[in-house]
Every structure is written in C-alpha cells, then in structure tokens.
Amino acid sequence: MALAKTLPLLVALLAGGAVPALLAGAFPAHAQEGITDLPGAVDIDPRIDPFPYDAHRSLRDYLKAVLPSRWWANEPQTSLGVLTALVHVPDGWKGNPTSALMNLCPPYENAIWRHVGRIDLVPFYRDARRATASCQR
C-alpha cells in the first residue's frame, strides 16, 4: 500500500522537468492560491491583496513607538469591533495614567483609523486596572 502512494511521486521525480506540472495537478487550485474552504475562515486572495491589514500589529507597532520608557502593552485584543490594549505603567510613575494614555491616542491621520473605529487603552497601574482611555476617529 505504501508503494502505491509513493510510486506516482517517484515517477514524477524521475521525469525531471515535468515535476512541477505533475505536482500542480495533485493539489486543488484553491490550496495553491492560499484560499481556504475552512468554515468561518476569510478568503485571502494573494492576487488582490498579498498583505492583508492587521489592526493588532498596527496598534502594537504604534504603541511600541509612542509609549514612554519602562511602559509596555499586552497584545491587543478585539471584542465587538473595539481594539483594546492593556498598558502597564511603572509603579514609580507619578500622575494620572488615564490622562496620560488619552494623550497617546493615534492622531486622526494615522492609517489605523481607516480600519478601526475605536481603540480602548486600559492602564494597569499599581497592580490594578484604571479607567479606560477611549480613542475614536
């Protein structure tokens, strides 16, 4: 039985230049193009958009660039269309963490606003969550 499965591959390998043509017929076209038939999966057609927009990555990169030193954020999460990030503020920092995060909202011309309607930045300060800073376009 194992020989029956490997024999066509062996023939294809011995054929030399015809290998890509033989193997191309072995897999469905949608598997080759990156289009899936899994339930609930979004079809990504690389011919139309080879690099789909990733809002989580955009917010992560933005926060990495604007957060003060020793501040850091968890991986952004999406819930009900709202992008949320928990931002850790160092214990020795003085001030209102919610107000500080409101000043760090992405500017209106930032590309993230083309894809996201609201971003919630939740400060985690002195071992507790504080009031959320909501950023909207």
Side-chain angles (χ1 to χ4, degrees):
M1 176 134 169
L3 183 61
K5 289 182 180 179
T6 58
L7 189 58
L9 182 59
L10 182 61
V11 170
L13 289 173
L14 292 175
V19 172
L22 288 173
L23 291 178
F27 301 105
H30 66 274
Q32 295 173 22
E33 295 175 359
I35 300 172
T36 181
D37 59 352
L38 294 174
V42 178
D43 287 345
I44 298 172
D45 190 350
R47 295 168 295 182
I48 297 171
D49 188 5
F51 303 106
Y53 183 77
D54 185 359
H56 295 106
R57 181 176 180 179
S58 293
L59 182 59
R60 184 176 53 241
D61 292 345
Y62 174 77
L63 289 175
K64 185 188 266 187
V66 299
L67 284 177
S69 64
R70 296 184 37 219
W71 292 41
W72 60 279
N74 283 10
E75 183 67 23
Q77 304 293 320
T78 303
S79 177
L80 299 174
V82 178
L83 198 57
T84 305
L86 184 67
V87 179
H88 295 264
V89 181
D91 287 340
W93 186 78
K94 303 288 184 205
N96 182 346
T98 303
S99 176
L101 287 180
M102 289 185 100
N103 292 329
L104 297 178
C105 286
Y108 184 75
E109 61 274 358
N110 194 304
I112 198 168
W113 294 120
R114 283 185 246 146
H115 305 278
V116 177
R118 186 173 120 196
I119 298 172
D120 285 348
L121 301 175
V122 182
F124 190 79
Y125 180 55
R126 294 189 178 164
D127 299 325
R129 288 176 176 249
R130 304 297 172 156
T132 300
S134 286
C135 308
Q136 296 183 3
R137 59 178 151 171

> Under the 4.5 Å side-chain heavy-atom rule for ILVMFWY, direct or indirect, which residues accompany Leu86?
Replying inline: Val122, Phe124

Partners of [X] by side-chain hydrogen bond (donor to acceptor under 3.5 Å, both in side chains), sequence neighbours excluded?
X: Glu75; value: Arg60
X: Ser58; value: Tyr53
X: Ser99; value: none

> Taking all non-hydrogen atoms of both residues, which atom of Ala55 and which atom of Leu83 are closest, and how far apart?
Replying inline: O-CD2, 3.8 Å

>> To check you understand the geometry: which heavy-atom pair defines the closest contact between Trp93 and Ala100, and what is its length?
In response: CH2-CB, 3.7 Å

>> Ring-plane angle category for Trp72 and His88, please: parallel below 30°, perpendicular beyond 60°, tilted otherwise.
In response: parallel

>> Is any side-chain heavy atom of Val87 closer than 4.5 Å to one of Leu104?
In response: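 Leu104 does not reach Val87 side chain to side chain.
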
> Are Asn110 and Tyr62 close enough that some pair of their side-chain heavy atoms sits under 4.5 Å apart?
Replying inline: yes

>> I need the full list of salt bridge (charged side-chain N to carboxylate O under 4.0 Å, His left out) pairs touching residues 82-105, with sequence neighbours left out, sorted by first then second residue.
In response: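 Found none.
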
> How far does OG1 of Thr84 sit from CG of Asn74, to the nearest 0.5 angstrom?
Replying inline: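 The distance works out to 11.5 Å.
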
>> I'd like to know if Leu63 and Met102 are part of one continuous hydrophobic network [Ile/Leu/Val/Met/Phe/Trp/Tyr, side-chain heavy atoms within less than 4.5 Å].
In response: no

> If you draw a 6.0 Å radius around CZ in Arg57, do more than 12 non-hydrogen atoms from other residues or ligands fall strictly inside?
Replying inline: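 At most 12 heavy atoms, drawn from other residues, nucleotides or ligands, come within 6.0 Å of this atom.
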
Distance-only donor-acceptor pairs under 3.5 Å for side chains of residues 113-120, two or more places apart:
from	atom 1	to	atom 2	distance (Å)
Trp113	NE1	Pro106	O	3.2
Trp113	NE1	Pro107	O	3.1
Arg118	NE	Asp120	OD1	3.2
Arg118	NH2	Asp120	OD2	2.8
Asp120	OD1	Ser134	OG	2.7

> Does the Arg130 side chain pair with the main chain of Pro97, one donor and one acceptor, at a distance under 3.5 Å?
Replying inline: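 Here the side-chain-to-backbone pair does not exist.
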
